[in-house]
Amino acid sequence: MPLEPHMWQFPKKLDTVWRIKSRVTISSVGLISKLVVGFNNFKVVNKQTLIKNIQSTGNGRGLITVTNHHSCLDDPTLWGILGWKFVFGKLGEKLRWTLTADNICYTNTFNAKFFSLVKGIPVVRGDGVYQRGMDYAIEKLNNGEWVNIFPEARVNQTQELIRYKWGVGRMITEAKELPVVVPFFHLGMDSVSPNEGRFKYFPRICKKVTMVIGDAINFSDIVSQKDKLSPVEYRKKVTDLIQEKMAELQVTAEQIHNPAVS
């Protein structure tokens with residue numbers, strides 16, 4: 001079922017007033033994320049790769065971060081690992097757009113206004129890869145901005161990788177310029193925010209979280225076959241490669257997070 005028109009809270013042009021309100025809201029949420037990270041034990045591998053690619057946005061080539069979805073608070077909590085300049089400084093303007101489930105984040109007008117200000121793009125589950133939210137995400141990539149996506153499309157607190165949705169493949173293959181795609185896998189957010197009970201949106205403290213950030217994915221072999229593939233085949237190959245890279249990162253993350261087991 002398509003998103004109700006009045007729930008789409010992004011103006012045609014993101015003017016100065018909207019941007020100021022967005023920065024204030026994002027800074028407030030960012031402060032909370034920094035506190036959650038500070039009160040837990042976060043181990044981050046290869047963080048500089050993520051920061052370098054975020055700082056490089058705005059030059060016409062978009063950035064996509066791809067990650068597993070381990071809890072309801074993955075976004076924005078995980079961005080608490082970034083420096084204070086991303087919370088209150090100019091680098092905050094480069095913070096991600098993120099695809100959000102409309103049936104969770106856009107349930108009423110107040111929520112819609114809030115999540116739009118924190119740059120959450122509503123996506124309707126079941127409406128496929130061709131919908132307004134996906135078009136908007138591609139538009140942001142074409143502006144050289146950063147978009148985060150959880151290709152599992154739901155919270156998954158198991159150790160099994162769910163078959164990725166092809167929306168991420170569409171974003172990559174239909175952007176004007178091939179985006180930089182940085183994958184990362186994390187473990188432990190399910191203990192910070194268990195996905196059950198009345199207080200699942202209240203973060204716990206003194207928990208262990210591991211984040212393993214991968215290098216940007218090289219799609220050159222797939223791009224070289226582009227003319228021989230249908231759009232669907234092209235999207236599938238791109239999505240499959242991302243899932244392969246994420247599976248590799250999962251192994252590394254598990255070895256670091258649970259060394260006694262490995």
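Just so it is clear, the values below take in all heavy atoms, side chains as well, and ignore hydrogens, waters and symmetry mates. In this text, all values refer to a predicted model and were calculated from it rather than measured experimentally.
Scanning all heavy atoms of the two residues, the minimum distance from Pro179 to Leu141 falls at CG-CD1, 4.2 Å. In plain terms, the two heavy atoms of Arg154 and Arg125 that are nearest each other are CA-NH2, 3.8 Å. Nearest heavy-atom pair, Ser27 versus Val87, reported as atom, atom and distance to 0.1 Å: OG-O, 2.6 Å. Across Cys72 and Ser193, no two heavy atoms sit closer than the pair N-OG, 4.2 Å. Closest heavy-atom contact between Ala253 and Phe185: CB-CD2, 3.9 Å. Closest of all the heavy-atom pairs between Gln131 and Val124 is OE1-N, 2.8 Å.
Looking at His70, its side chain does come within 3.5 Å of a backbone N or O of Asn156 through a donor-acceptor pair. The closest donor-acceptor contact from the side chain of Asn40 to the backbone of Cys206 lies under 3.5 Å. Judged by distance alone, with hydrogens and angles left aside, the side-chain atoms of Asn218 form a donor-acceptor pair with the main-chain N or O of Ser220 at under 3.5 Å. In terms of modelled atom types and a separation under 3.5 Å, the side chain of Lys94 and the main chain of Thr57 share a donor-acceptor contact. Looking at Asn46, its side chain does come within 3.5 Å of a backbone N or O of Ile213 through a donor-acceptor pair. Between the side chain of Gln9 and the main chain of His6, a donor-acceptor pair closer than 3.5 Å is present. Of the possible donor and acceptor atoms, none in the side chain of Lys245 sits under 3.5 Å from a partner among the backbone N and O of Ile217.
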Kindly indicate, with the supporting measurements, whether the criterion salt bridge (charged side-chain N to carboxylate O under 4.0 Å, His left out) is fulfilled by Asp190 and Arg204.
CA-CA 10 Å; Asp190 57 331; Arg204 280 56 166 179; over 6 Å; no
Under the criterion side-chain contact (heavy atoms from CB on, under 4.5 Å), I'd like the reasoning laid out for Val168 against Val238: C-alpha separation, chi angles, the key distance, then a yes or no.
CA-CA 8 Å; Val168 65; Val238 166; over 6 Å; no
Where do Ser56 and Asn53 land on the side chain to side chain donor-acceptor pair (under 3.5 Å) test, with the steps shown first?
CA-CA 5 Å; Ser56 297; Asn53 281 289; 5.5 Å; no
Between Arg170 and Asp135, does the salt bridge (charged side-chain N to carboxylate O under 4.0 Å, His left out) criterion hold? Intermediate values first, please.
CA-CA 10 Å; Arg170 185 196 166 203; Asp135 294 341; 2.8 Å; yes
Could you check Cys105 against Phe114 for side-chain contact (heavy atoms from CB on, under 4.5 Å), going step by step and ending with a plain yes or no?
CA-CA 9 Å; Cys105 300; Phe114 173 78; over 6 Å; no
Could you give me the CA-CA distance, side-chain angles and deciding distance for Trp84 and Leu31, then say whether side-chain contact (heavy atoms from CB on, under 4.5 Å) is met?
CA-CA 9 Å; Trp84 285 103; Leu31 175 59; 3.8 Å; yes
Applying side-chain contact (heavy atoms from CB on, under 4.5 Å) to Lys236 and Thr239, what does each step give before you reach the verdict?
CA-CA 5 Å; Lys236 182 179 184 303; Thr239 306; 5.8 Å; no
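With rounding to the nearest 0.5 Å, the separation of CG in Asp127 from CG in Asp102 is 8.0 Å. One distance of note links CH2 of Trp97 with OG of Ser116; it measures 8.0 Å at 0.5 Å rounding. Within the model, atoms CG of Asp240 and CH2 of Trp166 stand 8.0 Å from one another, a figure rounded to the nearest 0.5 Å.
With contacts defined as side-chain heavy-atom distances shorter than 4.5 Å, the pair Pro151/Val66 qualifies. Considering only heavy atoms from C-beta on, Val129 comes within 4.5 Å of Arg235 through its side chain. Side-chain atoms of Thr109 and Lys113, non-hydrogen and from C-beta on, do get closer than 4.5 Å to each other. Gln250 has its side chain out of reach of Asn68: every pair of non-hydrogen atoms, C-beta onward, lies at least 4.5 Å apart. Taking the side chain as every heavy atom from C-beta outward, Met246 and Gln243 never approach each other to under 4.5 Å. For the pair Thr67 and Asp74, the minimum side-chain heavy-atom distance is 4.5 Å or more. The side-chain heavy atoms of Ile81 and Leu50, taken from C-beta on, include a pair separated by under 4.5 Å. Contact annotation: the side chain of Tyr136 never approaches that of Arg132 to less than 4.5 Å [non-hydrogen atoms, C-beta and beyond].
Legend: residues meeting ring pair (Phe, Tyr, Trp, His ring centres under 6.0 Å) with His69, ordered by chain and number and at least two apart, are Phe150.
More than 12 heavy-atom neighbours from other residues, nucleotides or ligands sit within 6.0 angstrom of NZ on Lys34. Within a 6.0 Å sphere centred on NZ of Lys237, heavy atoms belonging to other residues, nucleotides or ligands number 12 at most. With a 6.0 Å radius and a threshold of 12 heavy atoms from other residues, nucleotides or ligands, Phe39 has its CZ atom at or below the threshold. Environment of CZ in Phe202: sparse, with no more than 12 heavy atoms of neighbouring residues, nucleotides or ligands closer than 6.0 Å. Counting non-hydrogen atoms of other residues, nucleotides and ligands closer than 6.0 Å to NZ of Lys140 gives a total above 12.
Between Phe184 and Trp79, the ring center distance clears the sub-6.0 Å criterion.
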